[in-house]
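Take a look at the structure below.
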Amino acid sequence: MTDRTQLFGAEWCGDCRRTRSWLRRHEVPFVEYDTDADPDVRSRAEELAGGRTNIPVVLTPDGTVLVEPTSVELASVLSTHGARRGRSGCR
């Protein structure tokens, strides 16, 4: 288990930018790892994603893994697990 949501992605990735923005907008504490900058980070993301190379990969505090999550999936999973702080509504 981790105490913060973890985001594995790359700066060039539009889905990664959208996910990062969603996490910030909803005040979800997270740490970000760049899959382009470190081969070990890329390997960890692929391992978490069951061998898939898609990004972003999100690891929630309870160990749930989301690969290329939609905003709705982020809201559902992070709200359910109490990972969101601050705002009460998800959009």
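In what follows, residues are counted from 1 in the order of the sequence shown.
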Shortest non-hydrogen separation from Pro69 to Pro56 and the atoms involved: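 For Pro69 versus Pro56, the nearest heavy atoms are CD-O, 3.9 Å.
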Shortest non-hydrogen contact from Ser79 toward Ala75: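 Closest heavy-atom pair between Ser79 and Ala75: OG-O, 2.7 Å.
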Any side-chain heavy atom of [X] sitting closer than 4.5 Å to one from [Y]?
X     : Y     : answer
Pro61 : Asp3  : no
Val65 : Val58 : no
Leu66 : Val57 : no
Phe30 : Glu32 : yes
Leu7  : Thr19 : yes

Flag for Arg25-Ser21: side-chain donor and acceptor within less than 3.5 Å: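 Judged by distance alone, the side chains do pair up.
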Enumerate, atom names and distances included, each donor-acceptor pair closer than 3.5 Å involving a side-chain atom of residues 44-55, sequence neighbours excluded.
{"residue": "Arg44", "atom": "NH1", "partner": "Glu47", "partner atom": "OE2", "Å": "3.0"}
{"residue": "Asn54", "atom": "ND2", "partner": "Glu68", "partner atom": "OE1", "Å": "3.1"}

Pairing residues for Glu11 by the side chain to side chain donor-acceptor pair (under 3.5 Å) criterion, not counting sequence neighbours: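 Once residues adjacent in sequence are excluded, Glu11 has no partner under the side chain to side chain donor-acceptor pair (under 3.5 Å) criterion.
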Partner residues of Asp15 under the side chain to side chain donor-acceptor pair (under 3.5 Å) criterion, sequence neighbours left out: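 So Asp15 forms no side chain to side chain donor-acceptor pair (under 3.5 Å) with any residue.
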With sequence neighbours excluded, residues passing ring pair (Phe, Tyr, Trp, His ring centres under 6.0 Å) with Tyr33: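 Partners of Tyr33 under the ring pair (Phe, Tyr, Trp, His ring centres under 6.0 Å) test: Phe8.
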Partners passing side-chain contact (heavy atoms from CB on, under 4.5 Å) against Asp38 (at least two apart in sequence or in another chain):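 With sequence neighbours excluded, Asp38 shows a side-chain contact (heavy atoms from CB on, under 4.5 Å) to Asp40, Val41, given in chain and number order.
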Non-neighbouring partners of Thr70 that pass side-chain contact (heavy atoms from CB on, under 4.5 Å), sequence neighbours left out: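 With neighbours one apart ignored, the set is Val72, Glu73.
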Under 3.5 Å donor-acceptor, Thr64 side chain and Thr60 backbone: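 Between the backbone of Thr60 and the side chain of Thr64 there is no qualifying donor-acceptor contact (under 3.5 Å).
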